[in-house]
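To keep things clear, I will list the structure first and then write my remarks on it.
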Amino acid sequence: MKRKRVQAAMMVAAVIVAAVFPLVVSNAAIDSVAIFTLMYVAMASAWNILGGFTGYVSLGHASFFGVGAYAFTILCHVWHVPGGWITFAMLPVAGVVAALIAIPFGWVALRTRKHTFVVITIAYLFIFQLLAYNLTGLTNGSAGLGSPIPSWTGSFFNIPFFYVALALALIVIAVAAWIRSSRLGLHLLAIRDDEDRALGLGIKTGRLKLSAFVIAALFIAMAGALYAYYITYVYPPFAMNPLDDLAMALMSFTGGVGTIAGPIIGALLVEPSQQYFTVAFQSGLNLVTYGGLFLVVILLIPRGLWPTLRDFVASRQSRQRVPQAPAAETSVLSSEGGGQ
Amino acid sequence: MNVGLWETGIVTGILTGGVYALMASGLTLVFGVLEIINVAQGSLIIAGAYLSYVLQRYLHMNIFIGLILTMPFMFCVGYIIDRVFIRRMKVDRVMMSILVTFGVALVIEGLLTMIFSSGYVHLQSGAINASFPFGGMRVPYIYLYCFLMSLVILAALYVLLYRTAFGRALRATVQNRNAAQLIGIDVNRMSSITYGIGAALAAAGGMGYGAISSFNGNSQYDLISRVLVIIVLGGMGNVGGALIAALGMLVVEDVVAAVWSPSWSTLVFFIILAATLVIRPQGLFRAKEARQQ
Amino acid sequence: MLTFQNVCVGYGGSDILKGLSLTVEEGSLTCIVGPNGAGKSTVLRTVSGLLKPRKGTVLFGNTPLNGATPRRILEMGILQVPQERSLFPQLSVLENIRLGGFILKDRKLVDARVEAVVERFPFIKDRARELAGSLSGGQQKLVEFARCFMLEPKLILLDEPSMGLDPQTFRQVFETVAEVHREGCTVLMVEQNTKSGLQIATHGIVMESGTLRLSGTNVEVLQNPAIGQLFLGGTLSMAK
Ligand SMILES: Nc1ncnc2c1ncn2[C@@H]1O[C@H](COP(=O)(O)OP(=O)(O)OP(=O)(O)O)[C@@H](O)[C@H]1O
Ligand SMILES: [Mg+2]
């Protein structure tokens, strides 16, 4: 119980720090990194609902980021939505469009088991990239499309985007936490542990997996739409970037896949460093650094920072008090979940 | 409809399909033995292409003869990658391997970009410019030579797998890793060698790819996605299936490109994958024998 | 012959064997019993070198097995028939048998051993060319067992040999085990079927949650009142 309270306090503190951040730091470049970081907090947390809870690692959800970006831009054109506050209302619309598109794609991919699933999701990214290039009537091909230009400018420019990104991140975290603590979450975890057994227990695995797939797509697409609005432009290589796929997985794994805090911590660490590498190093070296860092994290702390840290603290506490078995909360069906 | 276009599509499809079969056989073999999805295969292919490029550009070596150097070199690179990165993974190998090899792919891509910058390059050979007439178009000789090279290398692979004691041990490892260990097969060493073979096949495939199209470090994404599609269709771990899938897919792609439009041909590639999976989630051919228990 | 001293082993997470110590006498037929998940198979996997002890030592005679490769352990004459399927389903039965002699260099010797094995287990002859995966589960178990005789076993580890066998095959396996034992080979066997397992054994070991509960001759173990409780009044108390 005490741990819960500590976590809640940390959460509140983090939100307060985040809320005052742009008021204290007025450097536009830093604020922009902060906005991207919050977007990634949202995306990694959304990705984690599928990849972390069900164990179906998707390397194709960046396509829904792109779909969201395009849906936002195209619908704003079609409906003549001007740049302004009201434009933010288009984010959920773009999310829903992407979610609807995600349904058939998820259905096909989820007919296969975990490792084939990964491969197919990788293919999805390229399908969507090709579509973005080739459906010129809709996407204007490689030239891309301009999104509505916000009506505010200057030093205030970043502020609205920052708070919308923060709100999106908090919503996704709340949804993820709610799913994790609900029956749905328990069933998703059961799928991760042993899908056949879960099916045997009468869990409707197909429908649940698809829900997780679509929920992840919905929020990732909203982040994509926000991105398109923020940079006021969308074109194929930016909207459907394989590195984004990796980023979401990397952040979740760095922080601790399957946990709520993991993707948040991961995004807070990874995104700013990636932005830094891109600026600080020549092209090529940034990839080497990014990839190298990634390898170090995955190989040295395969369970991620948060679970490792938590167990470390727990084992220190239990050594001070009565010895007790380490909490096996990551696994529901078998006592040894095989490690994540 | 122009019959000549169809024929050309089929012929170039089969000829380039051979090169893809090389790349895919390495990937599917690695999946079979190591039980990992080696996302780094795309970057290894590009690394192989750049090696051929260096030998041809600076040592004026014929690209086919250059394979005598690039394949053993890439074998060693693969062996080392396995020793340093892949073998460390103990739990949840399939999932972790995707991330780890993606990281390896990024590092390789970064190194290639640092060394060669991001401009596109193309291998040179007399056979690239010379061509023979076929159907309504001319087919460069390089397509034919690459296909023949692929046939030779794949035949050698077949002999290695099915006619040697090493091959039997390797197939045993694919079928039951634990049992292989219990009869004294050093599965770790088998894994490193297999990863090395996969990289060597990538070197040959990369040479073929670089001779047929221009490339830079970034081309790995396009390659890995296609090659992955091929091995899923062929049944993951099934080398023969990968060959057939490679030929089939490239024929379809080239026919679509010839009779319809090149920009949609790659999409057809992926649509076939999706359609197949709806009907047969396990791929067209039987995947590697699922581990009992 | 085989000694565990304070051995701790796990699969990456927490330890499964928690400081286990036990001995297997030379020439004995020792049977390990214990509830599911007690770590019985883990003991055998540790002996075969598939798992490396995190702490403690495993001795074979006076040679420490820690750090030895599975191959080295095979060369010492320690063979295992694991609980899960261990044939290569896409290879023929005969190829499977041959592979039992994988570590032998001499091809003539392999040929001779194959013949000897076929003679000892005649049913192999009829199915030699079939794929191992096409045999029934019980037949596969027999082939796995037969494969051990491609080498000269000093210590055979059998993990639940009776699982899934019909009574006749079951008897056949147990008779062969007894026969091998009479020939001077030490046998360490894990058996769910506590009663029949302990009855053919000379020694028994009872394990629970990664630790040793009881050990002794089969009579001592069978008659120990504590083990009835361990099995919640199962087969053992009826055996008395
Ligand atoms: N490959 C593995 N990875 C992780 N944990 C494992 C693995 N194999 C076994 N375990 C764990 O080790 C413990 C002991 O397993 P073991 O197979 O040794 O039990 P056992 O006594 O043989 O049981 P059974 O009678 O069911 O065969 C179990 O809790 C199991 O969850
Ligand atoms: Mg067992």
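Chain A is the first sequence line, chain B the second, and so forth, proteins listed ahead of strands; every chain is numbered from 1. Values reported hereafter were calculated over all heavy atoms of this structure, with side chains retained and with hydrogens, waters and symmetry mates removed.
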For atom CZ of R120(C), is the number of surrounding heavy atoms from other residues, nucleotides or ligands below 6.0 Å larger than 12?
-> yes

Got a sec: does the CD of E26(C) have more than 12 other heavy atoms crowding it under 6.0 Å?
-> no

S86(C) and A179(B) have their tightest heavy-atom pair at O-CB, 3.1 Å

Other residues, nucleotides, ligands: >12 heavy atoms within 6.0 Å of K52(C) NZ | yes

Of the non-hydrogen atoms in L74(C) and G184(B), which two are nearest, and what is the gap between them?
-> CD1-N, 3.1 Å

Inspect the surroundings of CZ in R88(B) and state if more than 12 heavy atoms from other residues, nucleotides or ligands are less than 6.0 Å away.
-> no

Side chain / backbone / both / neither for T69(C) at chain B, heavy atoms under 4.5 Å = neither

Can you establish whether the number of heavy atoms outside Y162(B) located under 6.0 Å from its atom OH is more than 12?
-> no

When L99(C), L151(C), I73(C) are compared by non-hydrogen pairs under 4.5 Å with chain B, the top option = L99(C)

Exceeds 12 heavy-atom contacts within 6.0 angstrom, atom CD of E183(C) | yes

Any side-chain heavy atom of Q90(C) within less than 4.5 Å of one from R171(B)?
-> no

Take atom CZ of R189(B) as the centre, draw a 6.0 Å sphere, and report whether it contains more than 12 heavy atoms from other residues, nucleotides or ligands.
-> no

Smallest heavy-atom separation, Q175(B) atom then P89(C) atom, equals OE1-N, 3.3 Å

Nearest atoms (heavy-atom pairs only) where F102(C) meets I183(B) | CB-O, 3.7 Å

Under a 4.5 Å heavy-atom cut-off, does chain B meet the side chain of R45(C), its backbone, both or neither?
-> neither

Do side-chain atoms of D186(B) reach the backbone of R71(C) as a donor and acceptor pair under 3.5 angstrom?
-> no

Distance from L87(C) atom CG to N176(B) atom CG, nearest 0.5 Å?
-> 8.0 Å

Contact origin within R72(C) toward chain B - heavy atom pairs under 4.5 Å | neither

Does Y11(C) OH have over 12 foreign heavy atoms under 6.0 Å away?
-> yes

So, do P82(C) and L182(B) sit near enough that their side-chain heavy atoms are less than 4.5 Å apart?
-> yes

